[in-house]
Enquirer: 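Just dropping this structure here.
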Amino acid sequence: MLMTEFSTDGLPAGERFAWWTEKMAATLCPSQMFSDEEECFRGRARVLELEGIQVCALTHPSVWVRRSERMVRQGGPKPYQVHLVLNGEAVVDHVGRRARLGQGQFVLVDTSHPYAAWRSCTPETTSALVVQIPRTLLPLPPDAAGRLIAVPFSASRGMGALFAQWLVGLDQRAEQFGEADASPLASVTVDLLAAVLSSRLDSLVDETPETRKKILGLRIREFIRQNLGDPDLCPMGVAVAHQISLRYLYDIFDAEGMAPAAWIRRLRLERCRSDLSDPRFRTHPVHTIARRWGFTDPAHFSRAFRATYGAPPRHYRHISLPAEPVDWLTDSNSAEA
């Protein structure tokens, strides 16, 4: 498993903040932290390790963070960081610039320079995703990267939105990844960040054909996810929507060893499996769930589901859902009647 979690839960209130500061320094980079809630501080972090890259989901109260010149001079790795604000707001003072960030914005930080930051957070909600990337992995000349430090980026449109969606997806699926996934996930993360930064630099950094192919692959997969419920969704339609040939579409999916049609079918089946094991959809007929995710032939759906999960849909639902709660009052009244 690539994911680890830690929190201040279980620690004496007076020890939590110092412990949290030490954990953050060890996980990311040394810095000073201050908070108005130090005496009863509560923090939680989920960290995904991808071959030297850390993707950290942070939940904590409002804090001030300062990385001093002395800390920079102490030596050790000085990676880049990307801070994506999920809720609340932030202010970053860095390399002579001040970036004000709201929900759905992110900023590039260079830990080889001092900085100060303030974060307004809600302690019960994941407030930010912080990505830490070794300098040697980011394909940007230092002078080019310097032009983008402490510059706000939008996560609501264009490549910024695709990058943010990717990070959120990594965090949401962190428990599912194994060692074999680390290298490809790290590669895509770096490629996406490079594409976001280079687009701001007016293509100062050339994207390789392989990078463009990976980015197109991510866009295509997101398009498929958004249109799974369309029964007419098919490889040819996907290719036409992205103005590429069917042959090139198959070439993009070759990297995963699965044809586009098979990838669509697998994703549809997984969505159906999730709904069938969700108590919220207990009263929804199986054929309704299947149709919701693009299966129009109940017999075909049943065969495909059984071949994939080893049980017919209805039986899978029966063994996956908890027993319905008994309404003892209703049962009692019925018996008396």
Enquirer: Between the main-chain N or O of N227 and the side-chain N or O of D230, is there a donor-acceptor pair closer than 3.5 Å?
Expert: no
Enquirer: Are the side chains of V109 and I149 in touch, meaning some heavy atoms are under 4.5 Å apart?
Expert: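 Side-chain contact under 4.5 Å: no.
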Enquirer: Does a sphere of radius 6.0 Å around NE2 in H318 hold more than 12 heavy atoms from other residues, nucleotides or ligands, not counting ones at 6.0 Å or beyond?
Expert: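 No, the 6.0 Å shell around NE2 holds no more than 12 heavy atoms from other groups.
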Enquirer: Should D110 and R135 be marked as a salt bridge (charged side-chain N to carboxylate O under 4.0 Å, His left out) after you check the CA-CA gap, both sets of side-chain angles, and the distance that decides it?
Expert: CA-CA 9 Å; D110 183 352; R135 306 177 71 83; 2.5 Å; yes
Enquirer: Linking I/L/V/M/F/W/Y whenever their side-chain heavy atoms sit closer than 4.5 Å, directly or via other members, would L2 and F6 fall into one cluster?
Expert: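 Hydrophobic grouping puts L2 apart from F6.
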Enquirer: Is the number of heavy atoms from other residues, nucleotides or ligands within 6.0 Å of CZ (R265) greater than 12?
Expert: no
Enquirer: Membership question, hydrophobic clusters at under 4.5 Å side-chain separation (ILVMFWY): are Y316 and L267 in the same one?
Expert: yes
Enquirer: Of all the heavy-atom pairs spanning L162 and R219, show the shortest one and how long it is.
Expert: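 Looking at all heavy atoms of both residues, the shortest contact is CD2-CG, 3.7 Å.
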Enquirer: Heavy atoms only: give me the nearest A117-V92 pair and the separation to one decimal.
Expert: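 So the minimum-distance heavy-atom pair works out to CB-CG2, 4.2 Å.
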Enquirer: Is the shortest side-chain heavy-atom distance between L129 and C56 below 4.5 Å?
Expert: no
Enquirer: One pair to check against side chain to side chain contact (heavy atoms under 4.5 Å, CB included): F281 and T288. What are the steps and the verdict?
Expert: CA-CA 10 Å; F281 302 114; T288 300; over 6 Å; no
Enquirer: With distance as the sole test, does R67 use its side chain to make a donor-acceptor pair with the main-chain N or O of P30 at under 3.5 Å?
Expert: yes
Enquirer: Less than 4.5 Å apart, side chain to side chain, heavy atoms only: is that true for V238 and P260?
Expert: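 No, their side chains stay 4.5 Å or more apart.
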Enquirer: Can you check whether R66 reaches W118 side chain to side chain, under 4.5 Å on heavy atoms?
Expert: no
Enquirer: If Ile, Leu, Val, Met, Phe, Trp and Tyr residues are connected whenever their side-chain heavy atoms lie under 4.5 Å apart, and connections chain through other members, are L249 and M236 in the same group?
Expert: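 Shared cluster, yes.
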Enquirer: Please examine the side chains of R317 and I289, heavy atoms only from C-beta on, and report whether any two atoms are closer than 4.5 Å.
Expert: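 I289 vs R317: side chains touch.
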Enquirer: Side chains of H287 and R291: any donor to acceptor distance under 3.5 Å?
Expert: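 A pair is found: one side chain offers a donor N or O, the other an acceptor, under 3.5 Å apart.
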Enquirer: Regarding R268 and the six-membered ring of W293, is the cationic atom NZ or CZ under 6.0 Å from the ring centre and inside 45° of its axis?
Expert: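 Ring-cation test returns no.
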Enquirer: Given side chains that start at C-beta, do those of L276 and P313 come closer than 4.5 Å, heavy atoms only?
Expert: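 Yes. Closest side-chain heavy atoms under 4.5 Å.
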Enquirer: Give, for atom OG1 of T27 and atom CH2 of W20, the distance between the pair rounded to the nearest 0.5 Å.
Expert: 8.5 Å
Enquirer: Given V55, which partner from the list V130, L48, I133 fulfils the side-chain contact (heavy atoms from CB on, under 4.5 Å) test?
Expert: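 Filter result, single survivor: L48.
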Enquirer: Could you measure the distance from the CD atom of Q54 to the OG1 atom of T4? Nearest 0.5 Å is fine.
Expert: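 Between Q54 CD and T4 OG1, I get 9.5 Å after rounding to 0.5 Å.
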Enquirer: Starting from I319 and following side-chain heavy-atom contacts under 4.5 Å between hydrophobic residues (I, L, V, M, F, W, Y), which residues can be reached?
Expert: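 Same cluster as I319: nobody, lone residue.
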Enquirer: Is a side-chain donor or acceptor of S198 paired with a backbone partner of A195 at a separation under 3.5 angstrom?
Expert: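 Yes, S198 side chain to A195 backbone: donor-acceptor pair under 3.5 Å.
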Enquirer: Against the six-membered ring of F253, is R221 placed for a cation-pi contact (under 6.0 Å from the centre, within 45° of the normal)?
Expert: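 Geometry flag: set, cation within 6.0 Å and 45°.
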Enquirer: Should the ring pair F305 and Y309 be called parallel, tilted or perpendicular, given that the plane angle runs from 0 to 90° and is split at 30 and 60?
Expert: tilted
Enquirer: To the nearest 0.5 Å, how far apart are OG in S7 and CG in D9?
Expert: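 The CG atom of D9 is 3.5 Å from OG of S7, to the nearest 0.5 Å.
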Enquirer: Is the side chain of T8 donor-acceptor paired with the backbone N or O of G43 at a distance under 3.5 Å, no angle test?
Expert: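 Checked: pair present.
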Enquirer: Using modelled atom types and a 3.5 Å cut-off, is there a donor and acceptor pairing between side-chain atoms of S302 and backbone atoms of A299?
Expert: no
Enquirer: Given 3.5 Å as the limit, does a donor-acceptor pair link the side chain of Q105 with the main chain of G102, or not?
Expert: yes
Enquirer: Are V196 and V107 linked, directly or through intermediate hydrophobic residues, by side-chain heavy-atom contacts shorter than 4.5 Å (ILVMFWY only)?
Expert: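 Per the 4.5 Å side-chain linkage, V107 and V196 are not co-clustered.
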Enquirer: Do other residues, nucleotides or ligands put more than 12 heavy atoms under 6.0 Å from the CZ atom of R44?
Expert: no
Enquirer: Using only atom types and a distance under 3.5 Å, with no angle test, would you say the side chain of S274 pairs donor to acceptor with the backbone of E270?
Expert: no
Enquirer: Is the backbone of S35 close enough, under 3.5 Å, to the side chain of E38 for a donor and an acceptor to pair up by distance?
Expert: yes
Enquirer: Out of curiosity, E5 CD to M3 CE, how far, rounded to the nearest 0.5 Å?
Expert: 4.5 Å
Enquirer: Within 45 degrees of the ring normal and closer than 6.0 Å to the centroid, is that where the cationic atom of R200 sits relative to F153?
Expert: yes
Enquirer: Quick one: closest heavy-atom pair of V91 and R100, and the distance?
Expert: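 Here V91 and R100 meet closest at CG2-NH1, 3.8 Å.
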Enquirer: Hydrophobic clusters here meaning ILVMFWY residues chained together by side-chain heavy-atom distances under 4.5 Å, can you tell me if F223 and L246 are in one?
Expert: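 Per the 4.5 Å side-chain linkage, F223 and L246 are co-clustered.
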Enquirer: Can you say whether the rings of F41 and F17 are parallel (under 30°), tilted (30 to 60°) or perpendicular (over 60°)?
Expert: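 Judged by the thresholds at 30° and 60°, the geometry between F41 and F17 is perpendicular.
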Enquirer: Are there more than 12 heavy atoms of other residues, nucleotides or ligands under 6.0 Å from atom CZ of R42?
Expert: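 No - once you tally the heavy atoms of other residues, nucleotides and ligands closer than 6.0 Å, there are 12 at most.
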Enquirer: Is there a donor-acceptor pair under 3.5 Å between the side chain of S277 and the backbone N or O of R273?
Expert: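 Yes, the answer is positive, given that a donor and an acceptor are paired below the 3.5 Å cut-off.
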Enquirer: For a quick test of reading the model, state the closest non-hydrogen atom pair linking L108 to L148 and the distance between them.
Expert: CB-O, 4.0 Å
Enquirer: Do W166 and T189 have side chains that approach each other closer than 4.5 Å (heavy atoms only, starting at C-beta)?
Expert: yes
Enquirer: Evaluate the criterion side chain to side chain contact (heavy atoms under 4.5 Å, CB included) for residue pair K213 and D251; output intermediate values, then yes/no.
Expert: CA-CA 10 Å; K213 186 176 180 180; D251 187 42; 2.8 Å; yes
Enquirer: Run T59 and T122 through side chain to side chain contact (heavy atoms under 4.5 Å, CB included) and show every step you take.
Expert: CA-CA 8 Å; T59 305; T122 302; over 6 Å; no
Enquirer: In terms of heavy-atom contacts, does CZ of R225 have more than 12 from other residues, nucleotides or ligands at under 6.0 Å?
Expert: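 Atom CZ in R225 is packed in, count exceeds 12.
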Enquirer: To check you understand the geometry: which heavy-atom pair defines the closest contact between A99 and P152, and what is its length?
Expert: CB-CG, 4.0 Å
Enquirer: Hey, could you give me the CD1/OH distance between I220 and Y248, rounded to the nearest 0.5 Å?
Expert: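 So the CD1 of I220 and the OH of Y248 are separated by 8.0 Å.
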Enquirer: Quick one: closest heavy-atom pair of A90 and R119, and the distance?
Expert: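 Smallest heavy-atom distance, with atoms named: CB-CD, 3.1 Å.
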Enquirer: Look at R280 together with D275 and state whether they make a salt bridge at an N to O cut-off of under 4.0 Å.
Expert: no
Enquirer: Please output the side-chain donor-acceptor pairs of residues 70-87 that fall under 3.5 Å, not counting sequence neighbours, one pair per line with the distance.
Expert:
{"unit_1": "K78", "atom_1": "NZ", "unit_2": "V72", "atom_2": "O", "d": "3.2"}
{"unit_1": "K78", "atom_1": "NZ", "unit_2": "G76", "atom_2": "O", "d": "3.3"}
{"unit_1": "Q81", "atom_1": "OE1", "unit_2": "H83", "atom_2": "NE2", "d": "2.9"}
{"unit_1": "Q81", "atom_1": "NE2", "unit_2": "Q132", "atom_2": "OE1", "d": "2.7"}
{"unit_1": "N87", "atom_1": "ND2", "unit_2": "T126", "atom_2": "O", "d": "2.7"}

Enquirer: What distance separates L50 CG from S183 OG, expressed to the nearest 0.5 Å?
Expert: 9.5 Å
Enquirer: So does R97 have more than 12 non-hydrogen atoms from other groups sitting under 6.0 Å from CZ?
Expert: yes
Enquirer: Does a side-chain heavy-atom distance below 4.5 Å link L138 with L193?
Expert: yes
Enquirer: Any sub-3.5 Å donor-acceptor pair from T125's side-chain atoms to S127's backbone N or O?
Expert: no
Enquirer: Would you check, one step at a time, whether the test side chain to side chain contact (heavy atoms under 4.5 Å, CB included) holds for V65 with Q32?
Expert: CA-CA 6 Å; V65 181; Q32 295 174 299; over 6 Å; no
Enquirer: Considering only residues two or more places apart or on different chains, which pairs with a residue in residues 81-93 satisfy salt bridge (Lys or Arg N to Asp or Glu O under 4.0 Å)?
Expert: D93-R98
